[in-house]
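For ligands, and for the atoms within them, numbers begin at 1 and follow the listed sequence.
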Amino acid sequence: MTTSHIAGFPRVGAKRELKFAQERYWRGEINEQDLLEIAQKLRAINWQHQANANTDYVSVADFTFYDHILDLQVATGAIPSRFGFDSQNLSLNEYFQLARGNKNQFALEMTKWFDTNYHYLVPELTKQTKFKANPTHYVQQIREAKALGLKCKPTIVGPLTFLWLGKEKGDRFNRFELLAELLPVYIDILNALTAEGAEWIQIDEPALVVDLPDEWLDAYNAVYTILSETVNAKLLIATYFGSVAEHAKLLKSLPVAGIHIDLVRAPEQLVAFENYDKVLSVGVIDGRNIWRSNLHEVLDILEPLKARLGENLWIAPSCSLLHTPYDLEVETQLKANKPELYDWLAFTLQKIQELRIIKTALEQGRLAVQDELDASQVAANTRENSREIHRPEVTERLANLPINADQRQSPFAERIIKQNAWLNLPKLPTTNIGSFPQTVEIRQARAKFKKGELSLIDYESAMKKEIEFVIRRQEELELDVLVHGEAERNDMVEYFGELLDGFAFTKFGWVQSYGSRCVKPPIIYGDVVRPQPMTVRWSKYAQSLTNRVMKGMLTGPVTILQWSFVRNDIPRSTICKQIAVALSDEVLDLEAAGIKVIQIDEPAIREGLPLKRADWDSYLQWASESFRLSAMGCQDDTQIHTHMCYSEFNDILPAIASLDADVITIETSRSDMELLTAFGNFKYPNDIGPGVYDIHSPRVPEANEIEHLLRKALKVIPAERLWVNPDCGLKTRAWSETIAALRVMVEVTKKLRAELS
Ligand code: GLN
Ligand code: ZN
């Protein structure tokens with residue numbers, strides 16, 4: 001027998017049922033009982049799918065109403081005291097307040113779960129944090145699964161990863177010091193799960209794939225010795241998102257019953273574990289991406305391993321399936337339009353079937369599932385040979401880029417003189433980041449157009465009216481470099497994906513981003529080509545309406561890559577460069593059409609950073625090269641802008657400078673321009689527009705707030721290189737507050753300008 005299990009399952013449901021139920025609950029349209037029942041039904045369905053796929057353990061305790069790290073904060077009693085809630089008796093209502101904030105308290109901070117696009121709620125840890133076990137949420141799930149007659153395996157995040165993900169608040173201290181007090185609470189929780197009959201408990205320790213300080217690494221032994229000695233269930237330590245080969249000795253020496261490793265992200269680490277004498281769970285189905293596996297190839301690796309490990313070999317997806325959409329079969333449109341591509345994909349329900357097939361083959365031989373194995377081989381073959389994917393002209397173009405293709409003709413100091421000569425801008429030029437309010441009318445027009453209720457001509461004329469409106473408002477405000485407002489764009493990545501070859505879209509391919517929020521990433525499946533200009537028409541039209549300078553607006557290659565499901569048959573760096581080269585065609589077309597200020601947005605550049613520092617340089621190198629390639633061949637007097645927001649940029653400033661954008665607009669106001677000080681210290685060489693107000697709130701900034709920020713900026717950035725702009729695009733704002741805020745921004749700018757001249 002070969003045990004198969006699931007490291008975690010998507011929670012939102014095949015049709016995002018949980019999201020809609022939560023939102024109805026928040027709006028008061030259904031009551032708590034209704035929500036609980038809907039959730040229970042979803043769990044039952046999820047488990048049934050797992051059982052149907054013949055998994056030996058269905059995954060429990062992974063279901064959450066918002067976030068599994070918030071659940072753990074409740075389960076360990078580590079919720080922030082500022083809310084005044086009792087973690088032992090927390091109502092669902094209070095639970096949601098922790099996640100979403102209330103009248104008096106802001107919500108818990110959110111941050112990315114390792115290098116995924118899932119966001120967890122950051123534990124606020126203080127010196128005074130008192131832990132206390134409350135395993136109710138987990139126990140309930142075990143009872144439900146048992147009542148359905150299912151064998152289950154609870155999964156929770158382990159104590160070291162939990163603390164690692166937290167953030168210290170209040171008095172200075174090291175959150176590692178909390179470990180001793182946290183441990184007994186973990187014991188209580190694990191014992192409660194064991195008392196419910198859990199034979200195995202999966203404890204996730206993905207912190208092992210990042211650069212953990214020695215002190216933390218050294219603690220693993222003691223922690224897992226204590227847990228193994230005091231808890232009766234067998235413990236499976238799960239790692240994912242990278243290699244833990246460097247910790248193989250440590251991991252293998254822990255007195256736990258098993259280890260799970262991610263062989264999709266880090267297949268090379270198998271050698272370090274193949275002589276393990278306890279349960280080795282290998283993640284062989286990609287939990288992070290949507291590609292179908294070549295099952296024969298997987299078996300080529302697993303069969304010899306099985307011969308060595310026998311019953312100790314367990315099989316699983318690489319990580320929780322939370323990061324993949326639910327079911328491919330509902331994508332009927334994709335199946336009809338791109339049948340080959342459809343055949344290359346596997347979402348959660350298909351992935352657990354892949355697991356079943358592998359299990360059967362390992363137990364009964366490949367012949368028992370010959371047809372299914374062969375089908376996966378056929379799909380792999382057609383994919384490998386598809387002309388839609390592999391376009392020789394793209395490979396050739398990348399291979400034959402001229403030397404220094406990514407370098408501008410002249411250095412910034414010379415370019416900026418040529419740019420200023422025609423731009424003729426005042427000191428402290430004002431601009432916007434791109435989008436203006438996406439009003440209900442705009443979204444309705446687009447929805448009607450997509451349903452065929454509005455003709456292309458009528459849709460486009462509605463967008464043109466919107467563009468004109470946006471331009472007139474900016475003229476009235478006397479902004480210097482205008483934008484067209486991006487009315488015609490649904491989303492900054494999807495818009496370009498739809499116009500580029502090599503991209504495909506699903507209808508229901510949602511994955512959870514945080515809480516009830518889901519995203520539907522495009523699929524990059526083939527070589528990227530721009531069949532025709534994408535934005536030129538719009539920008540040209542916008543420029544024709546005004547004498548002021550119109551800025552063209554593109555999404556950068558790294559951001560497009562980062563926010564998509566990406567093909568796994570060529571390196572990410574190659575895909576990124578392909579996108580860059582396609583974008584460079586657009587830049588040159590814009591330039592030829594007289595649009596000579598062009599912004600290439602890269603808000604996601606920081607998100608792509610590898611988990612281990614040792615890998616940062618090589619990423620940053622190809623990411624910045626890709627950015628530069630996207631402006632390849634443009635004239636010195638064409639001004640390239642970029643924009644970044646909502647990330648820690650302090651530690652990648654050299655890479656940001658190496659993009660060599662003429663102007664960077666960057667979100668800063670939230671941290672009172674802390675970032676700017678870093679830019680100043682670093683002596684950022686080119687022009688810079690620090691955001692002077694937060695666009696996330698409808699609140700109109702006071703003149704003195706903006707003035708304070710700008711004066712601070714002037715201390716570290718020479719006036720000749722300083723731009724004035726909001727933090728980010730204004731898409732989510734209403735018009736009234738948008739006008740009011742921009743008016744304040746322009747007034748303050750004028751006042752400071754007068755002082756400077
Ligand atoms: N140009 C985009 C906008 O203004 C940038 C959005 C972003 O930074 N995420 O909407
Ligand atoms: Zn932004």
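From the protein, the heavy atom lying nearest to atom 10 (O) of ligand 1 is S435 OG, 2.7 Å. For atom 5 (C) of ligand 1, the nearest non-hydrogen atom of the protein is D601 OD2, 3.4 Å. Closest protein heavy atom to atom 9 (N) of ligand 1: M492 SD, 3.6 Å.
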Pair E607-S647, side chain to side chain donor-acceptor pair (under 3.5 Å): steps then yes or no:
CA-CA 8 Å; E607 294 178 17; S647 289; 5.1 Å; no
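Partner D636 forms a side chain to side chain donor-acceptor pair (under 3.5 Å) with one of K418, Q419, R415, R408 and no other, that one being K418.
Rounding to 10 degrees gives 120° for the angle at the Zn ion (ligand 2) between SG of C728 and SG of C645.
The distance from ligand 1 to the heavy atoms of G729 drops below 4.0 Å at these ligand atoms: 3 (C), 4 (O), 10 (O). Which parts of ligand 1 touch C645 is read off a 4.0 Å heavy-atom cut-off, strictly below it: atoms 8 (O). Within ligand 1, counting atoms from 1 as listed, the ones closer than 4.0 Å to a heavy atom of C728 are 7 (C), 8 (O). Residue-ligand proximity, H643 to ligand 1, at heavy-atom distances under 4.0 Å covers atoms 8 (O).
Note: F436 and W735 meet the aromatic proximity criterion, with ring centroids under 6.0 Å apart. The ring of Y646 has its center closer than 6.0 angstrom to the ring center of H696.
The aromatic rings of F505 and F503 sit parallel to each other, their planes meeting at less than 30°, with 60° as the upper class boundary. Relative ring orientation between F241 and H323 is described as perpendicular, the plane-to-plane angle rising above 60° on a 0-90° scale split at 30° and 60°.
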